[in-house]
Amino acid sequence: MVILTKEQQQEAANSGLWLPQLERDACGVGFVCSIKGTTSSKIMSDARTMLERMAHRGACGCDNDSGDGAGVLTAIPDDLYRKSVKEQDGSDLPPLGQYATGILFLEEESYKQAKEAFQDLARACGLRVIAWRKLGTNRECIGEEAKKTEPLIRQVFVSADYAESDPAKFERSVYLLRKQAVNSMTKQEVVCYVCSLSTSTIVYKGQFNTHQLFKYYDDLTNPEYQTHLALVHSRFSTNTFPSWNRAQPNRILAHNGEINTLRGNINLMRAREGVMKSKHYRDDLQKLFPIVEEGLTDSGCLDNVMEFLVRAGGRSLPEAAMTMVPEAWEKDDDMSTEKKHFYRWAAMSMEPWDGPALLAFSDGRYIGAILDRNGLRPARYYLTDDDHLYLSSEVGVNDIPIESVVKKVCLRGREKRNASIIETCGTASLKNGKDDEIWMSAVMLLSITQANSMGRLGRGN
């Protein structure tokens, strides 16, 4: 594996046999969470152990030190950021939920231009940038190949006057800014990759092997980094040139497997853009296009569409997952009538994104996982007596005393696609009636939501 610059990748695409549209990922995926939404540093410690023990699921570079990519998605550690921003910038962050934050990959040469362009886009979206934060990093721990393309990394914080009074509008504006930052700056040929931009989650990732991620970012080993969930990913790319941007998790999901129907899925999404309407975005809907951005892997394309369904389509995360990766439902005599009705409706609105896949996803409120209709990418989970849940693509990634295990399940094959964990923690978290029963029976799902602006976390309603 050799890491190429952006110019070298373009040359390879133009003159070589490599086809960017055939990018694939086959990786290690897992998450740790508190099903009661209790934040702790233990979640991060266990997530680190899980990731490092999936080193065999990631690829190694020709220098034996650069990986295909590794990353972690967590809830926003509000106390840590509040203290750091005050020390660096002298600014006070609004209450949790009234600001959005994300990590940007920039270039030294165009940093000032990218920063000004981002602030202009924020104003155009009705937002204001309240702070820029320089992250503590340790480049000595990464490989020589990864150093050649190491980006300038900054964290941005944005808010709006209406963030408290109209949180739904604020969320829409944040998503609009995220899409605009990628699409507009690409046209201007200004490097600005937005790892994530959210009011509830943050993504740390890069061109690492599994042992380098937590050493590179100082935040991740800070005892003040408190979270109730952590989703990790170790990348093994197929038919691809690795890059910092292609590391996972993406903005809403992490993926092990491949999407075999990718070209058709992308073409149909582009075709739908011409007939889409939104009562909330109205004329601004066009600014969200293209929904599937250029130069992404199959996992990136999947993430773009799932993010669009949740942020712009008004769907819950489990509904979006079921729509995109449905079960083999038509001839399943054991499936409930209600769920079949949902799948029949979903099939008329979107074709399946098909192929062997384990998807783990989170938007800060929900965290869950789903297999493809044939269960070709297995997953295992453990639920412990301290209300922590461990899910991963293999066994043995965490040392869990057997006496503390309340339930454990191996998900594989069609008959095991629907995880029985729903009975243990899902039904305790979701009590909205029949519809939620349908979601829970198809997706291994936890509902974790912010209880109030002070940042305490509780179960969803």
Side-chain angles (χ1 to χ4, degrees), residues 29-48 50-51 71-85 93-103 133 135 155-159 163 167 170-171 174-175 178 194-205 213-214 217 219-233 248-254 307 310-311 316-318 360-369 386-391 425 429 445-461:
V29 181
F31 65 73
V32 185
C33 66
S34 164
I35 66 173
K36 290 187 175 179
T38 304
T39 63
S40 69
S41 58
K42 183 179 185 297
I43 298 287
M44 290 299 288
S45 176
D46 289 343
R48 179 177 185 176
M50 176 181 287
L51 179 63
V72 60
L73 178 154
T74 76
I76 290 176
D78 180 64
D79 291 342
L80 173 63
Y81 290 164
R82 192 171 299 280
K83 179 180 178 181
S84 179
V85 169
L93 292 178
L96 182 62
Q98 295 179 33
Y99 68 86
T101 185
I103 292 174
R133 177 174 177 251
L135 279 74
Q155 185 176 6
V156 67
F157 296 83
V158 299
S159 188
F170 180 52
E171 293 279 0
V174 168
Y175 178 54
R178 207 286 293 162
V194 184
C195 294
S196 65
L197 190 64
S198 171
T199 60
S200 55
T201 61
I202 186 78
V203 172
Y204 289 79
K205 67 179 185 177
L213 173 68
F214 281 76
Y217 291 108
D219 284 352
L220 300 182
T221 53
N222 190 322
E224 296 183 25
Y225 200 114
Q226 304 279 318
T227 180
H228 62 290
L229 61 88
L231 194 162
V232 296
H233 187 275
Q248 296 188 46
N250 293 299
R251 289 148 192 141
I252 208 166
L253 66 80
E307 182 187 31
V310 173
R311 308 298 185 199
S316 68
L317 187 55
F361 43 80
S362 179
D363 60 359
R365 178 188 177 191
Y366 297 108
I367 185 167
D386 60 353
D387 294 318
H388 282 185
L389 185 136
Y390 301 79
L391 178 140
C425 57
S429 302
L445 171 69
L446 302 174
S447 174
I448 305 172
T449 186
Q450 296 172 0
N452 55 42
S453 60
M454 297 301 291
R456 291 180 297 177
L457 296 163
R459 297 181 180 180
N461 297 314

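Counting begins at 1 with the first residue of the sequence.
Taking all atoms of both residues into account, the shortest heavy-atom contact from Thr199 to Ala100 is CG2-CB, 3.9 Å. The nearest pair of heavy atoms linking Phe31 to Ala360 is CD2-CB, 4.2 Å. Of all heavy-atom pairs spanning Phe214 and Thr221, the tightest one is O-CG2, 3.4 Å. Taking every heavy atom of both residues into account, Ala163 and Ser159 meet most closely at CB-OG, 4.2 Å. Shortest non-hydrogen contact noted between Pro249 and Lys205 is O-CD, 3.5 Å. The two residues Pro95 and Arg82 come nearest to each other via the heavy atoms CA-NH2, 3.8 Å.
Rounded to the nearest 0.5 angstrom, Ile252 CD1 and Ser362 OG are separated by 8.0 Å. Distance check, rounded to the nearest 0.5 Å: CG of Leu51 to CG of Asp46 gives 12.5 Å. To the nearest 0.5 Å, atoms CG (Asp363) and CG (Leu253) are separated by 11.5 Å. Here CG of Leu229 is found 8.5 Å from OG1 of Thr201. Values are rounded to the nearest 0.5 Å. A distance of 11.0 Å separates OG1 of Thr227 from CD1 of Ile202, quoted to the nearest 0.5 Å. For the atom pair Tyr225 OH and Asp79 CG, the distance stands at 12.5 Å (nearest 0.5 Å).
With sequence neighbours left out, the side chain to side chain donor-acceptor pair (under 3.5 Å) criterion links Arg133 to Ser84, Gln155, Asp219.
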TODO: Dump the intermediate steps for side chain to side chain contact (heavy atoms under 4.5 Å, CB included) on Asn250 and Val203, then the final yes or no.
DONE: CA-CA 8 Å; Asn250 293 299; Val203 172; over 6 Å; no

- [ ] Verify side chain to side chain contact (heavy atoms under 4.5 Å, CB included) between Val156 and Val194, making sure each step is shown before the conclusion.
- [x] CA-CA 10 Å; Val156 67; Val194 184; over 6 Å; no

- [ ] Take Gln226 and Ser40 through the test side chain to side chain contact (heavy atoms under 4.5 Å, CB included) and record every step on the way to the result.
- [x] CA-CA 5 Å; Gln226 304 279 318; Ser40 69; 4.3 Å; yes

- [ ] Go through the steps for His228 and Ile43 under the test side chain to side chain contact (heavy atoms under 4.5 Å, CB included), then give the verdict.
- [x] CA-CA 7 Å; His228 62 290; Ile43 298 287; 5.8 Å; no

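The side-chain heavy atoms of Val32 and Lys42, taken from C-beta on, include no pair separated by under 4.5 Å. Residues Arg251 and Ser198 form no side-chain contact, since every pair of their non-hydrogen atoms from C-beta on lies 4.5 Å or further apart. By the 4.5 Å heavy-atom criterion applied to side chains, Arg311 and Arg178 are not counted as neighbours. Side-chain contact between Val72 and Leu213 is present, with at least one heavy-atom pair separated by less than 4.5 Å. Looking only at side-chain heavy atoms (C-beta outward), Asp387 and Thr38 stay at 4.5 Å or farther from each other. Taking the side chain as every heavy atom from C-beta outward, Tyr366 and Pro318 approach each other to under 4.5 Å.
Checked options Ile367, Leu73, Leu317; the residue passing with Phe361 is Leu317 (criterion: side-chain contact (heavy atoms from CB on, under 4.5 Å)).
The six-membered or imidazole ring of Tyr81 lies away from that of Tyr99, with a centre-to-centre distance of 6.0 Å or more.
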